[in-house]
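What follows is a short report on a single structure.
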Amino acid sequence: MSLITRQRLFICLVALLNLALAATLYLNGHAGAPLGVIGGALLPLAWLAGRRPDTTAVSAGEGDAHAA
């Protein structure tokens, strides 16, 4: 299993745990909405994790700021 797949599965697991906890809290009369929002926001993040891993924000030469 690749690293990207494991990252996506882990983020999905955390999102589903947040949604389950939010639902449990809400059904017991507590404020579970913030956890539900966080869980819902993590689901698209899981899809975006590892997209285009060959491109980075910093080009190859700009990331090295150490003196030679």
Side-chain angles (χ1 to χ4, degrees):
M1 186 180 312
S2 71
L3 178 64
I4 294 169
T5 304
R6 285 184 283 173
Q7 287 174 345
R8 285 182 177 173
L9 288 175
F10 179 74
I11 295 172
C12 281
L13 173 70
V14 171
L16 292 176
L17 286 174
N18 270 346
L19 289 172
L21 182 60
T24 304
L25 286 171
Y26 182 74
L27 291 175
N28 287 327
H30 299 288
L35 286 175
V37 169
I38 292 170
L42 283 175
L43 290 174
L45 181 66
W47 174 251
L48 294 174
R51 302 284 285 182
R52 306 194 75 178
D54 54 340
T55 59
T56 58
V58 178
S59 65
E62 293 177 20
D64 195 12
H66 301 285

Looking at P44 and A41, what are the two nearest heavy atoms and their distance?
->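 In this case the closest contact between P44 and A41 is CD-O, 3.3 Å.
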For residues 16-29, which side-chain donor-acceptor pairs fall under 3.5 Å, sequence neighbours excluded?
| residue | atom | partner | partner atom | Å |
| --- | --- | --- | --- | --- |
| T24 | OG1 | A20 | O | 2.8 |
| N28 | ND2 | T24 | O | 3.2 |

Shared-cluster residues of L45, by chain and number - hydrophobic side chains joined below 4.5 Å |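 Its cluster mates, by chain and number, are F10, I11, V14, I38, L42.
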